[in-house]
Amino acid sequence: MRRGAWRSFALRRRNLFGLGLALGFLLLALFADFIASDRPIVLRKEGTLYLLPNLIEYRRLRGLVPGDLRSGDWALWPPVRHGPYTIPALADLEGPLPQPPGPDHLLGTDSAGRDVLARLLYGTRTSLGVGVAAALIQVSIGLLLGVLAGYLGGFVDVAVTRAAEVLLSFPLLLLLLAAQGVLERTTLFSTMAVIALTRWADTSRLVRAEAMRVREMPYVEASRALGSSRLRTLRVHVLPNCLSPALVAATFGVGSAILLESALSFLGFGAPEPTASWGLLMANGFQDVLDPNARVLVLLPGLAIFLAVSAFNLIGEGVRDALDPRHQGEGARSAFITSDQKRKLSPMPRGGGGGPTPAT
């Protein structure tokens with residue numbers, strides 16, 4: 001993003017709020033292992049120092065529990081000492097499942113006894129990972145096909161346009177469910193791929209329109225007149241000037257992919273069990289919807305989805321306005337002349353021979 005575009009983006013507080021919220025979710029996704037884990041961050045046991053057992057699977061530490069530490073051993077634990085897939089033993093359970101919030105489980109547990117807070121944190125990684133990956137693939141396909149269709153025209157334009165129209169003619173969720181239903185077993189990779197391969201049509205239409213405008217610009221005609229090949233003109237002049245709509249589509253695409261992944265997981269066609277996913281958490285909550293302890297499983301993932309999608313939508317709106325020339329310089333008061341200044345610059349007409357108008 002150019003410096004002027006960044007200044008235009010930063011002028012509005014809602015854009016910065018959305019950016020800060022998205023960065024917060026990104027940090028939670030990256031450092032989830034250091035916030036919630038059933039294994040320590042650093043461990044010294046029997047004279048041996050183990051670094052990052054929460055990330056590295058040490059064979060000697062398999063099945064480690066805090067009670068295994070002896071005199072002279074020490075460990076640095078994450079703030080939440082539960083993993084997203086840790087299921088307690090039946091002998092350790094107190095009361096029916098799901099359990100309400102308490103000292104050991106700050107947000108309670110799900111119907112399998114897994115910690116809700118840990119699954120929420122790791123669900124951030126799942127949702128952002130699928131959302132960002134699907135948006136990048138979607139925009140890459142849409143950018144390539146849109147540029148080729150808009151610049152080359154002819155048969156390429158007809159083929160890309162008709163394919164996009166066919167995809168856009170189907171209800172999106174129904175198309176995603178049909179594509180996932182064909183697969184024998186759904187995974188996070190298949191969910192990401194299905195979302196990306198069915199959403200490129202929106203990006204290609206935006207990029208195609210921009211490419212058709214750019215190819216008629218004088219500098220593109222001058223490049224062709226100077227003997228540049230069609231490939232070089234496309235790569236040097238057309239493609240860089242079509243990145244703005246692709247960038248806007250990418251930011252909106254992340255929020256849309258997060259929402260679609262959560263919907264597919266909620267319906268059982270997305271992330272498989274026991275993956276930590278916001279959609280799966282909501283589905284588990286609805287299975288015990290009459291239990292007051294299960295309300296957290298519905299409300300908190302729903303709130304997380306709302307905040308994440310809203311953050312990327314705010315970023316998308318800010319990027320769109322910042323890259324739109326019609327919004328450049330909006331709100332600059334020095335560019336306008338007030339009514340008082342107009343009266344000073346254009347005084348009232350004088351009567352008669354140019355003298356002051358007599359009072360009546």
Query raised in the report: What residues form a side-chain contact (heavy atoms from CB on, under 4.5 Å) with Leu30, not counting sequence neighbours?
Result: Leu26
Query raised in the report: Is Thr126 close to Trp278 at the side-chain level, that is, under 4.5 Å between some pair of heavy atoms?
Result: no
Requested in this report: With sequence neighbours left out, write down each residue that passes side chain to side chain donor-acceptor pair (under 3.5 Å) with Tyr50, or none if nothing qualifies.
Outcome: Arg60
Query raised in the report: What pair of heavy atoms forms the shortest contact from Leu197 to Leu167, and how long is it?
Result: O-CD1, 4.0 Å
Report task. Determine whether Leu143 and Leu243 make a side-chain contact, defined as any pair of heavy atoms from C-beta on separated by less than 4.5 Å. Result -> yes
Report summary line: residues 138-160 vs side chain to side chain donor-acceptor pair (under 3.5 Å), sequence neighbours excluded, gives Gln138-Thr203, Asp157-Thr161, Asp157-Arg208
Report task. Using modelled atom types only, decide if a donor and an acceptor are shared between the side chain of Asp73 and the backbone of Glu46 within a distance under 3.5 Å. Result -> yes
Query - Whether Ser127 side chain and Thr124 backbone form a donor-acceptor pair below 3.5 Å - result: no
Report task. Check side chain to side chain donor-acceptor pair (under 3.5 Å) between Asp104 and all other residues, then give those that pass, not counting sequence neighbours. Result -> His82
**Report entry** Under the ring-ring contact (aromatic ring centres under 6.0 Å, His included) test, residues paired with Tyr85 that sit two or more places apart
**Finding:** none
**Report entry** All salt bridge (Lys or Arg N to Asp or Glu O under 4.0 Å) counterparts of Arg44, not counting sequence neighbours
**Finding:** none
Query raised in the report: Leu259, Leu21: one ILVMFWY side-chain cluster at the under-4.5 Å cut-off?
Result: yes
Extract all donor-acceptor atom pairs below 3.5 Å that involve side chains of residues 299-318 and protein atoms in other chains or at least two apart in sequence.
{"residue": "Ser310", "atom": "OG", "partner": "Phe306", "partner atom": "O", "Å": "2.7"}
{"residue": "Asn313", "atom": "ND2", "partner": "Val309", "partner atom": "O", "Å": "3.4"}

Query raised in the report: Does the side chain of Ile195 come within less than 4.5 Å of Thr191's, by heavy atoms?
Result: yes
**Report entry** Donor-acceptor under 3.5 Å (Ser265 side chain, Ser262 main chain)
**Finding:** no
Requested in this report: Indicate yes or no: at least one non-hydrogen side-chain atom of Ser256 is less than 4.5 angstrom from one of Arg199.
Outcome: yes
Query - Test side chain to side chain donor-acceptor pair (under 3.5 Å) applied to Arg215 - qualifying residues, sequence neighbours left out - result: none
Query - Flag side-chain contact, heavy atom, 4.5 Å: Leu28 against Leu120 - result: no
Query raised in the report: Listed by chain and number, what are the side chain to side chain donor-acceptor pair (under 3.5 Å) partners of Thr233, not counting sequence neighbours?
Result: Ser223
What side-chain donor-acceptor pairs closer than 3.5 Å can you find for residues 266-273, not counting sequence neighbours?
none

Query raised in the report: When hydrophobic residues are tied together by side-chain contacts of less than 4.5 Å, even through go-betweens, does Leu260 share a cluster with Val194?
Result: yes
Report task. Kindly write out the residues that satisfy side-chain contact (heavy atoms from CB on, under 4.5 Å) with Phe34, not counting sequence neighbours, or none if the list is empty. Result -> Phe31, Ile41, Leu52, Asn54, Leu55
Query - Sequence neighbours excluded - side chain to side chain donor-acceptor pair (under 3.5 Å) pairs with any residue from residues 17-39 - result: Asp33-Tyr122, Asp33-Arg125, Asp38-Thr86, Arg39-Glu57
Query raised in the report: Is any side-chain heavy atom of Leu148 less than 4.5 Å from a side-chain heavy atom of Val160?
Result: no
